[in-house]
Amino acid sequence: MMDSTINPFTLSSKRILITGASSGIGRTTAVECSRLGASLVLTGRNEERLQETLLALEGEGHLIMAAELTETESITKLVDNVGLLDGVVLCAGQGNVLPMKLATRQKISPTFEINYFAPIELVRLLLKKKCIKEGASLVFVASIGGIDSITIGNGVYGASKAALNSTMKYYALELASKRIRCNSVCPGMVNTKMIKSGALSEEQHKADMEKYPLKRYGEPQDIAYGIIYLLSDASSWVTGHSLVIDGGVTI
């Protein structure tokens, strides 16, 4: 067991809930957290893929609970069984490439349901049930598209992440009296299935990559390490902050 006075980045003795843990950034974050000693509760829509994540974890005592976070019954069952938490990583989300002139309310709603309303409702219920300990850390996975990276076709996704970033700051202020810290990470483009299923071809991705000063897209580990920092005692004086991890593209 690692002592936080020796290694402030250790997650030993911390119980952490991670949403969207069946793939991508969520799965990688779960694996890396387990390597630093965390006890994990993993949720996602696909139980089979959650099992795959579980098998990749180090340590023992981890749990998986399949849940559809946009459904009241499912999210309530998750909260009723999650136990006391030292950390929450709100990673579940989806993309939406859509020009604003075509962004009807019907086309916007599904993106906001999973990217914004689901994590906000989950946090509300966890607080109501007193599942989040004093001194805990909440990490919202947002996007540079929700700050100042404005690109054609990304308006709906960016708006959902901007709303998430803004709400995170209000949580940070309102929960500070309980020493519950709230922050977000804002990735640039990351090599996950989400970007590969989008509207850009491989050639377009290569051209876009050239805009990044570090000449590459991020890997899920790049984002996971930022999340771990915000979960750990190394960031004990950090709250209300949006941590940009983007290979320098926003400069």
Side-chain angles (χ1 to χ4, degrees), residues 18-32 44-46 48-49 52-53 56 69-70 89-119 139-166 168 184-228 242-251:
I18 302 177
T19 73
S22 58
S23 63
I25 293 171
R27 172 177 287 179
T28 300
T29 299
V31 171
E32 297 300 331
R45 287 181 286 192
N46 189 306
E48 183 177 346
R49 289 193 293 171
E52 292 172 1
T53 303
L69 298 183
T70 61
V89 181
L90 299 139
C91 199
Q94 69 176 26
N96 188 343
V97 179
L98 184 69
M100 290 308 300
K101 65 181 180 181
L102 301 178
T104 64
R105 185 165 184 171
Q106 185 177 16
K107 292 178 179 178
I108 289 173
S109 291
T111 303
F112 268 79
E113 284 294 333
I114 189 63
N115 288 2
Y116 179 71
F117 291 116
V139 183
F140 298 80
V141 178
S143 169
I144 59 171
I147 302 178
D148 56 7
S149 179
I150 310 302
T151 56
I152 292 173
N154 208 38
V156 173
Y157 176 78
S160 69
K161 294 299 189 176
L164 194 64
N165 260 326
S166 176
M168 172 275 293
S184 67
V185 293
C186 297
M189 293 287 272
V190 179
N191 283 316
T192 65
K193 289 182 179 179
M194 182 184 290
I195 69 167
K196 293 176 182 177
S197 61
L200 296 182
S201 67
E202 186 175 345
E203 290 73 21
Q204 288 172 314
H205 277 304
K206 288 180 179 178
D208 183 56
M209 218 176 290
E210 287 300 310
K211 300 175 184 176
Y212 284 69
L214 294 182
K215 302 302 178 186
R216 69 173 178 90
Y217 284 164
E219 297 298 332
Q221 287 91 344
D222 295 318
I223 314 307
Y225 297 149
I227 292 170
I228 286 169
S242 296
L243 177 61
V244 172
I245 308 175
D246 70 348
V249 73
T250 52
I251 61 173

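Reckoned from all heavy atoms, side chains included, excluding hydrogens, waters and symmetry mates.
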Notebook entry, point to check: Going by the side chain to side chain donor-acceptor pair (under 3.5 Å) test, which pairs reach into residues 102-112, not counting sequence neighbours?
Noted result: N96-T111

Next item on the list: Please confirm whether the backbone N or O of I147 pairs with a side-chain atom of K161, one donor and one acceptor, at under 3.5 Å?
Entry: no

Notebook entry, point to check: Rounded to the nearest 0.5 Å, how far does CZ of F117 lie from OG of S160?
Noted result: 10.0 Å

Notebook entry, point to check: Distance from I227 atom CD1 to C91 atom SG, nearest 0.5 Å?
Noted result: 5.5 Å

Next item on the list: Flag the pair K215 / M209 as yes when at least one side-chain heavy-atom distance between them is below 4.5 Å, and no otherwise.
Entry: no

Margin query: Can you tell me how far apart CG (L243) and SG (C186) are? Round to the nearest 0.5 Å.
Written below: 7.5 Å

Item checked: Shortest non-hydrogen separation from L69 to A118 and the atoms involved -> O-CB, 3.6 Å

Check: Do any pairs count as a side chain to side chain donor-acceptor pair (under 3.5 Å) and have a residue in residues 242-251, sequence neighbours left out, and if so which ones?
Finding: N165-S242, S184-S242, D246-T250

Note to self: I need the minimum non-hydrogen distance between K211 and V249, along with the two atoms involved.
What the structure shows: O-CG2, 3.9 Å

Note to self: Suppose we screen for side chain to side chain contact (heavy atoms under 4.5 Å, CB included). Which residues come up paired with T28, at least two apart in sequence or across chains?
What the structure shows: E32, P220, Q221, A224

Item checked: A30: side chain to side chain contact (heavy atoms under 4.5 Å, CB included) partners, not counting sequence neighbours -> I18, L40, L42, T53, L57

Item checked: Those residues that, when tested against K206, pass salt bridge (charged side-chain N to carboxylate O under 4.0 Å, His left out) (two or more places apart) -> E202

Checklist line | K101 atom NZ, over 12 foreign heavy atoms within 6.0 Å | finding: no

Next item on the list: Please list, chain by chain and in numerical order, all residues satisfying side chain to side chain donor-acceptor pair (under 3.5 Å) with S22, sequence neighbours excluded.
Entry: none

Check: What pairs with E203 under salt bridge (charged side-chain N to carboxylate O under 4.0 Å, His left out), at least two apart in sequence or on another chain?
Finding: none

Item checked: Selection residues 19-28 - residue pairs positive for salt bridge (charged side-chain N to carboxylate O under 4.0 Å, His left out), sequence neighbours left out -> R27-E52

Margin query: Run the salt bridge (charged side-chain N to carboxylate O under 4.0 Å, His left out) test against E113 and tell me which residues pass, sequence neighbours left out.
Written below: none

Notebook entry, point to check: Which residues pass the side chain to side chain contact (heavy atoms under 4.5 Å, CB included) test with I108, sequence neighbours left out?
Noted result: A103, F112, V156

Next item on the list: Check G188 against I144 and note the closest heavy-atom contact, atom names and distance.
Entry: CA-CD1, 3.6 Å

Next item on the list: Tell me, yes or no, whether the heavy-atom count around R45 atom CZ, taken from other residues, nucleotides or ligands under 6.0 Å, exceeds 12.
Entry: no

Item checked: Set of residues satisfying ring pair (Phe, Tyr, Trp, His ring centres under 6.0 Å) with respect to Y212, sequence neighbours excluded -> Y217

Next item on the list: List the steps, then state whether side-chain contact (heavy atoms from CB on, under 4.5 Å) holds for V139 with T29.
Entry: CA-CA 12 Å; V139 183; T29 299; over 6 Å; no

Margin query: Among residues at least two apart in sequence or on other chains, which ones pass salt bridge (charged side-chain N to carboxylate O under 4.0 Å, His left out) with R216?
Written below: D222

